[in-house]
Protein chains: 4
Amino acid sequence: MTDEPTGPVRKRVRKPAEQRREEILDAAVAVFADQGYRAADCQDIADRAEVGKGTVYRYFETKEVLFLSTLTHVMEQLKSEAEAAVTVSGDPLEKIRAGVRAYLAFFDSQPEVVELVIQERAEFRERGSPLYFVYADNERGGWLALVQELADQGRLRVGNADAALRMLEDLLFGTVVSSRLSMDRRGLRERASEILDIFEYGVLAR
Amino acid sequence: MTDEPTGPVRKRVRKPAEQRREEILDAAVAVFADQGYRAADCQDIADRAEVGKGTVYRYFETKEVLFLSTLTHVMEQLKSEAEAAVTVSGDPLEKIRAGVRAYLAFFDSQPEVVELVIQERAEFRERGSPLYFVYADNERGGWLALVQELADQGRLRVGNADAALRMLEDLLFGTVVSSRLSMDRRGLRERASEILDIFEYGVLAR
Amino acid sequence: MTDEPTGPVRKRVRKPAEQRREEILDAAVAVFADQGYRAADCQDIADRAEVGKGTVYRYFETKEVLFLSTLTHVMEQLKSEAEAAVTVSGDPLEKIRAGVRAYLAFFDSQPEVVELVIQERAEFRERGSPLYFVYADNERGGWLALVQELADQGRLRVGNADAALRMLEDLLFGTVVSSRLSMDRRGLRERASEILDIFEYGVLAR
Amino acid sequence: MTDEPTGPVRKRVRKPAEQRREEILDAAVAVFADQGYRAADCQDIADRAEVGKGTVYRYFETKEVLFLSTLTHVMEQLKSEAEAAVTVSGDPLEKIRAGVRAYLAFFDSQPEVVELVIQERAEFRERGSPLYFVYADNERGGWLALVQELADQGRLRVGNADAALRMLEDLLFGTVVSSRLSMDRRGLRERASEILDIFEYGVLAR
DNA sequence: CATGAATGAGTCTTCATTCAT
DNA sequence: AATGAATGAAGACTCATTCAT
């Protein structure tokens with residue numbers, strides 16, 4: 001009959017816009033990966049970011065925009081880590097190996113990103129190719145050049161550089177997704193050498 | 001002034017239960033793959049199966065049960081096609097090759113199954129490992145025996161049969177999913193030989 | 001901590017679509033007139049109509065559609081009552097008088113309709129001319145013919161039949177709205193003769 | 001990726017309170033009349049008045065207070081214009097005519113005021129009689145005295161001065177509202193003589 | 001058994017209001 | 001005093017599920 005105890009009202013804090021945005025994105029990565037896009041309540045994200053729900057909407061127009069921004073956010077991280085990795089050496093094979101290790105290391109430390117990739121496909125089918133593949137396509141040219149360089153140096157057994165790269169892409173994607181979904185507990189990082197070895201020389205003795 | 005909710009009344013038709021069940025499952029595969037689990041309206045599935053909505057619920061307790069039954073339905077198909085394939089020859093390598101071809105052929109002709117696998121993960125995270133991986137685990141013993149046989153015959157370059165198989169699994173899974181999601185138009189069937197070749201002998205010259 | 005007593009679940013009742021529609025419209029007239037369009041909660045309308053909220057949406061796609069249907073509903077009533085009234089006599093003046101009496105009687109017995117007219121203007125400004133005036137325009141031809149007939153019989157003091165009619169329209173509209181909004185308690189029905197008298201012969205002695 | 005919420009920071013300007021108040025009211029008249037009370041965003045009013053949103057709330061406690069202040073603002077204008085008009089002559093009939101002309105002229109030049117009157121009723125039903133009618137009531141005594149004076153001079157055909165005045169009020173209100181809502185393009189000013197003529201002598205020949 | 005009208009819990013989004021700066 | 005970032009209450013609408021016919 002009387003006023004319910006209204007609970008401790010959140011202390012208002014003002015922060016720079018960029019920082020707020022980051023905090024919300026980080027909270028969103030965690031919540032979307034944990035609950036899934038649909039099940040995630042925007043209130044949960046707000047709570048986790050320690051802001052009001054209205055603040056989330058101040059920075060991201062809709063839940064959909066928030067999700068896609070979240071995914072873009074992590075994809076940019078992956079991209080920059082992979083790009084950083086290839087600078088380690090001049091040898092194309094070493095560059096490729098470094099890229100593969102960086103890719104696996106990324107998903108090793110942030111396996112929940114896999115969930116976001118899957119969520120996007122599940123919920124935004126109509127948007128066409130998922131952002132993961134959009135990013136992969138954009139980066140492909142650089143990687144193909146490396147493989148082609150190997151071919152030009154006569155170091156490739158197979159004639160088709162494109163097919164070799166495509167296989168590597170599929171292998172890595174499959175490994176990463178499969179590792180997350182099958183709840184495989186072996187670390188991706190540890191498997192890198194093994195994967196590269198088979199990719200390079202196959203499983204059969206000659 | 002408004003849409004009066006009056007459609008043509010469906011005629012009541014009685015059919016054998018098993019047939020009804022199949023018809024509903026087929027409708028569900030199509031609708032779930034096309035719309036996604038969330039977006040799929042149970043009414044659409046009922047409409048497509050040409051039954052009343054209540055009938056859908058007579059056969060499947062909830063939407064969730066219907067979806068998982070649908071996925072099981074297609075997984076059983078994949079399983080039986082792959083199992084049929086390996087009987088073609090006595091040679092373990094040939095069996096593996098035949099299995100790979102059957103796997104790729106299955107997803108070549110029913111690429112939308114990929115959507116169901118993704119949907120399951122997206123919407124039923126809490127249920128643990130997706131059915132795809134449950135099936136894969138169940139089948140794994142047979143495949144591992146084949147690889148091990150190769151190893152015993154000294155035909156394997158790598159010492160670890162398990163790692164070799166795991167790599168093949170990831171490669172195939174990645175290929176199939178990636179092919180669907182990146183809207184790659186090359187047929188999976190055509191790529192089988194190429195994929196097997198690299199899997200067997202790697203990309204590098206020795 | 002335990003299940004709240006869920007309250008008496010509404011007994012499901014199936015009724016003919018047309019009857020349901022009418023019941024919802026009647027409830028909507030009452031609620032919209034009482035609360036106003038914005039303040040009206042669709043749940044209130046559903047409660048008053050003794051149906052679930054979903055049922056309201058089954059019959060009317062949106063709150064907006066429901067409101068406009070409600071207004072149309074009462075306008076149709078006004079229209080048919082006014083049209084019925086003019087059949088009473090052959091004399092054009094008597095017809096006009098009967099129409100005026102019917103119009104006033106309508107708003108006398110359903111003064112809340114005024115609120116709906118006002119609500120429409122307040123909330124759907126962009127839709128152009130309110131339905132009240134759309135209806136008035138549609139009916140105008142018939143009334144103008146009557147006034148013109150009077151003019152042709154030399155019974156009109158003023159030369160402009162259109163202006164005379166327009167004045168009558170404005171007078172009636174103003175009377176009805178003003179009566180409702182100023183909370184004038186005199187009945188519109190009783191004022192009919194007085195209004196007609198002044199309309200016909202003015203206030204000044206000659 | 002998204003709209004960063006960073007606009008150009010408004011320069012702080014200090015102005016006399018009364019001037020600020022006027023500027024906000026003027027902005028509010030325009031925005032409320034254009035968008036309607038509900039649809040009007042307080043931010044829009046602040047923007048139009050070129051102040052921060054907080055400043056609006058410094059001058060007017062709530063949106064409701066702001067709206068009612070706005071309406072009072074324009075009602076005061078109407079009142080003073082009508083009062084000024086009646087001083088033109090000593091003859092009661094001429095005074096009434098001047099008042100009618102002033103009333104119509106007011107709404108001719110500020111037709112959007114009609115919207116505010118309607119908005120008030122639509123949104124503040126519970127407050128009782130709208131301000132328009134409160135003002136009308138307050139002024140009524142003076143006008144009734146004029147009509148009574150006519151009656152005392154034997155110049156009234158009808159016995160009831162109150163009824164005559166009430167009819168004039170309703171007629172004017174109806175004319176003004178109807179003119180705005182039906183999107184009638186004839187000017188109110190031009191119609192004044194015609195309206196007065198019929199009000200005075202009716203439409204019928206004797 | 002089969003049907004589809006009826007139900008209501010669940011959630012995104014808006015925007016008036018507050019208050020730290 | 002002035003500002004606008006932050007807040008959260010409120011409500012339309014959807015759709016899985018039920019059940020009277």
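Given the structure is predicted, the values throughout are model-derived calculations rather than measurements. Below, chain A is the first sequence line, B the second, and so on; all start at residue 1.
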Check the distance between dG10(E)'s P and Gln35(A)'s CD and give it to me in whole angstrom. 15 Å

For atom CD of Glu61(B), is the number of surrounding heavy atoms from other residues, nucleotides or ligands below 6.0 Å larger than 12? no

Identify the heavy atoms of Leu131(A) and Leu68(A) that sit nearest to each other, and give their distance. CD1-O, 4.0 Å

Donor-acceptor list for residues 30-40 of chain B side chains, cut-off 3.5 Å, not counting sequence neighbours:
{"residue": "Tyr37(B)", "atom": "OH", "partner": "Glu64(B)", "partner atom": "N", "Å": "3.4"}
{"residue": "Arg38(B)", "atom": "NE", "partner": "Glu123(B)", "partner atom": "OE1", "Å": "2.8"}
{"residue": "Arg38(B)", "atom": "NH2", "partner": "Glu123(B)", "partner atom": "OE1", "Å": "3.4"}

Base versus backbone protein contacts along nucleotides 11-16 of chain E [heavy-atom cut-off under 4.0 Å; B, S, -]: -SBB-S

Please state how far atom CZ in Arg12(A) lies from atom C1' in dA6(F), giving the value in whole angstrom units. 5 Å

Specify the residue among Arg20(A) and Val13(C) whose closest nucleotide of DNA chain F lies further upstream toward the 5′ end. Arg20(A)

Which atoms form the tightest heavy-atom contact between Leu181(B) and Ser129(A), and what is the distance? O-OG, 3.4 Å

Figure out the CD/P separation between Glu50(B) and dC1(E), and round it to whole Å. 21 Å

Donor-acceptor pair under 3.5 Å, Arg14(C) side chain vs dA20(F) base: yes

Spacing of Phe67(B) atom CZ relative to dC15(F) atom C1', expressed in whole Å: 18 Å

Where does DNA chain F form stems of at least three consecutive Watson-Crick or G-U wobble pairs, each pair having both distances below 3.5 Å? E:2-21 with F:2-21

As an exercise, state the distance from CG of Leu25(B) to CZ of Phe60(B), rounded to the nearest 0.5 Å. 4.0 Å

Pick the nucleotide of DNA chain E nearest each of Tyr59(B) and Val56(C); which residue has the one closer to the 5' end? Tyr59(B)

With sequence neighbours left out, write down each residue that passes side-chain hydrogen bond (donor to acceptor under 3.5 Å, both in side chains) with Gln19(A), or none if nothing qualifies. Glu23(A)

Kindly state each residue pair satisfying side chain to side chain donor-acceptor pair (under 3.5 Å) with at least one member in residues 65-74 of chain D, sequence neighbours excluded. none

Value in whole Å for how far the C1' atom of dT7(F) lies from CD1 of Ile24(A): 13 Å

Phosphate oxygens OP1/OP2 of dC13(F): is one of them under 4.0 Å from a side-chain N or O of Arg58(C)? no

Interatomic distance, Phe60(C) CZ vs dA6(E) P [rounded to whole Å]: 12 Å

Hits for salt bridge (charged side-chain N to carboxylate O under 4.0 Å, His left out) against Arg48(A), two or more places apart or cross-chain, chain-then-number order -> none

Taken to the nearest 0.5 Å, the spacing of Thr55(A) OG1 from Ile24(A) CD1 works out to 6.5 Å

Ile45(B) atom CD1 is separated from dT17(F) atom C1', nearest whole Å, by 14 Å

Starting at atom CD of Gln19(B), determine the distance to atom P of dC1(E), rounded to an integer number of angstrom. 15 Å

